[in-house]
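Written out below as structure tokens is the structure these notes cover.
These values consider heavy atoms only, across backbone and side chains, with no hydrogens, waters or symmetry-generated copies. Labels below follow one simple rule: chain letters A, B, ... track the order of the sequence lines, proteins then strands, and each chain is numbered from 1.
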There are 2 protein chains.
Amino acid sequence: MAAPSEELLDVVVGLLAEHGFEGLSIRRVAARAGVSIGAVQHHYPTKDALLAAAMRRVDDQVSAELAGRVQRARTPGEALRAVSEGLVPAGPEERPAAVVWLAQVARAAVHEPTAVGYRASWQRVEDALSRLIAAARPGLRAEQVRDEAAVLLALLDGLATARVAEPDRVTGDRARRLVGRHLDALLTPTGDRT
Amino acid sequence: MAAPSEELLDVVVGLLAEHGFEGLSIRRVAARAGVSIGAVQHHYPTKDALLAAAMRRVDDQVSAELAGRVQRARTPGEALRAVSEGLVPAGPEERPAAVVWLAQVARAAVHEPTAVGYRASWQRVEDALSRLIAAARPGLRAEQVRDEAAVLLALLDGLATARVAEPDRVTGDRARRLVGRHLDALLTPTGDRT
DNA sequence: CCACCGGCCATACGCTCGTATGGCTACGCT
DNA sequence: AGCGTAGCCATACGAGCGTATGGCCGGTGG
């Protein structure tokens with residue numbers, strides 16, 4: 001199953017999640033994967049290539065997870081809730097991806113090649129959210145839809161960041177509750193009841 | 001005015017904003033400040049100390065800026081808007097602080113000492129927002145106040161991140177508009193007009 | 001049978017890093 | 001006047017880094 005080059009990427013993600021960028025070196029990746037330095041070089045000629053591949057992998061995994069949630073949902077509203085919960089890490093098992101994502105943003109801020117991929121991926125998420133919101137709230141004007149999508153995305157982003165860096169202030173339960181209430185308001189056209 | 005040790009911190013912030021953590025070294029700081037390596041060591045014995053001081057400095061500057069905005073406001077609502085706009089970087093001149101803040105979060109995720117300071121500082125912001133919201137919306141229950149503060153903070157956080165990494169998707173104007181509309185809704189008790 | 005090549009390894013090169021050390025100058029205090 | 005100390009500098013050391021190089025090993029096609 002797991003091709004050797006894929007296993008290397010998992011090791012990169014693990015190291016990144018544990019020690020951040022500073023703790024990532026070819027040597028460490030090789031050591032943890034139980035292979036030689038040359039093997040790493042063979043699959044990824046430079047460190048940048050290795051990093052880019054690892055980030056793309058996390059990206060793909062997250063995208064696939066979200067797509068699956070959308071597909072399993074029966075209504076746009078349900079899909080919106082499922083996607084939102086998928087974007088905010090709740091348990092420890094979702095932390096590595098979130099930490100890597102944080103590292104990626106920080107890198108994107110100062111490293112243009114990273115920024116290009118990051119922007120494309122995030123734009124896709126906003127588009128997807130827009131489509132779901134438009135479907136769930138047919139009355140909304142297109143511009144309002146995009147704004148609501150941007151607000152929701154920023155909120156999820158901020159909550160995810162807080163979950164990673166301040167797990168005590170923003171617990172998994174609290175994050176879920178806050179997202180739920182925001183979506184309640186979003187999915188309920190101006191003034192309504194239960 | 002500018003003590004030599006303060007100028008070093010400005011250099012650190014500048015380097016961090018330009019090239020991130022990877023681009024920061026004692027040698028580079030010394031070179032850009034026009035002093036010797038030894039001078040940097042004299043004021044900050046280790047790289048960690050230098051980094052911590054630089055982050056604390058950004059923290060203090062941001063805190064002072066926000067405190068000033070609160071003090072100049074005439075109503076809690078006004079203060080809330082002023083603080084919110086202060087937390088989302090609009091122009092290029094606010095970018096360095098925002099990039100450093102992003103770097104700090106990423107570091108906090110994998111470096112406990114950084115995380116401690118980060119959490120304390122962010123908790124203070126949530127508390128301040130809570131007080132302002134409580135003052136602006138006297139009817140709200142305490143728990144709801146805290147939730148609204150957390151939501152607002154996450155939103156601002158997410159928008160600030162987007163402003164740094166995706167300045168084209170989330171322009172300064174758009175960010176301002178989204179924050180304004182969120183605050184409109186927050187400051188208007190359930191169902192109202194104009 | 002042999003040439004080839006993908007996959008991997010061991011090692012080496014050159015560089016940059018954080019930090020340690022020791023010395024020099026200028027000023028304040030007694 | 002003399003001494004201590006703050007401020008700064010030049011240099012050195014050891015470690016870790018990314019990358020380059022050249023060789024070995026096993027399967028496959030001619």
Side-chain angles (χ1 to χ4, degrees), chain A residues 1-57 100 103-104 106-108 110-114 117, chain B residues 1-57 99-100 103-104 106-108 110-115 117:
Chain A
M1 259 288 119
S5 68
E6 301 271 310
E7 201 208 320
L8 287 180
L9 297 186
D10 285 340
V11 169
V12 171
V13 169
L15 282 174
L16 231 40
E18 278 175 47
H19 306 107
F21 269 118
E22 326 234 44
L24 189 82
S25 78
I26 305 287
R27 274 162 236 265
R28 278 225 250 268
V29 172
R32 183 174 289 207
V35 299
S36 73
I37 297 175
V40 179
Q41 289 181 295
H42 179 72
H43 294 285
Y44 304 97
T46 68
K47 191 186 186 182
D48 262 14
L50 178 61
L51 252 173
M55 287 176 167
R56 237 189 75 81
R57 182 173 165 79
V100 171
Q104 193 178 6
R107 187 170 156 89
V110 295
H111 186 250
E112 189 54 24
T114 302
Chain B
M1 259 292 117
S5 68
E6 301 271 309
E7 200 208 321
L8 287 181
L9 297 186
D10 286 339
V11 170
V12 170
V13 170
L15 281 173
L16 230 42
E18 279 175 47
H19 305 107
F21 269 120
E22 326 234 43
L24 189 81
S25 78
I26 305 284
R27 276 163 235 264
R28 277 225 250 268
V29 172
R32 185 175 287 206
V35 299
S36 74
I37 297 175
V40 179
Q41 288 182 295
H42 178 72
H43 294 285
Y44 304 97
T46 68
K47 191 187 186 181
D48 262 14
L50 177 60
L51 253 173
M55 287 177 167
R56 237 189 75 82
R57 182 174 165 79
V99 174
V100 170
Q104 192 178 4
R107 188 170 155 88
V110 295
H111 186 251
E112 188 54 26
T114 301

Do [X] and [Y] have side chains that approach each other closer than 4.5 Å (heavy atoms only, starting at C-beta)?
X	Y	result
B:Met55	B:Val12	no
B:Leu16	B:Leu51	yes
B:His111	B:Asp48	yes

Enumerate, atom names and distances included, each donor-acceptor pair closer than 3.5 Å involving a side-chain atom of residues 19-31 of chain B, sequence neighbours excluded.
from    : atom 1 : to       : atom 2 : distance (Å)
B:Glu22 : OE2    : A:Arg107 : NH1    : 3.4
B:Ser25 : OG     : B:Arg28  : N      : 3.1
B:Arg28 : NE     : B:Gly23  : O      : 2.8

- Message: Across nucleotides 7-25 of chain D, 5' to 3', mark each nucleotide with B, S or - according to how protein heavy atoms within less than 4.0 Å reach it.
- Response: BBB-------BBBB-----
- Message: How many whole angstroms separate atom CG of B:Leu50 from atom P of C:dC17?
- Response: 14 Å
- Which residue pairs satisfy the side-chain hydrogen bond (donor to acceptor under 3.5 Å, both in side chains) criterion with at least one member in residues 30-46 of chain A, sequence neighbours excluded? A:Glu18-A:Arg32
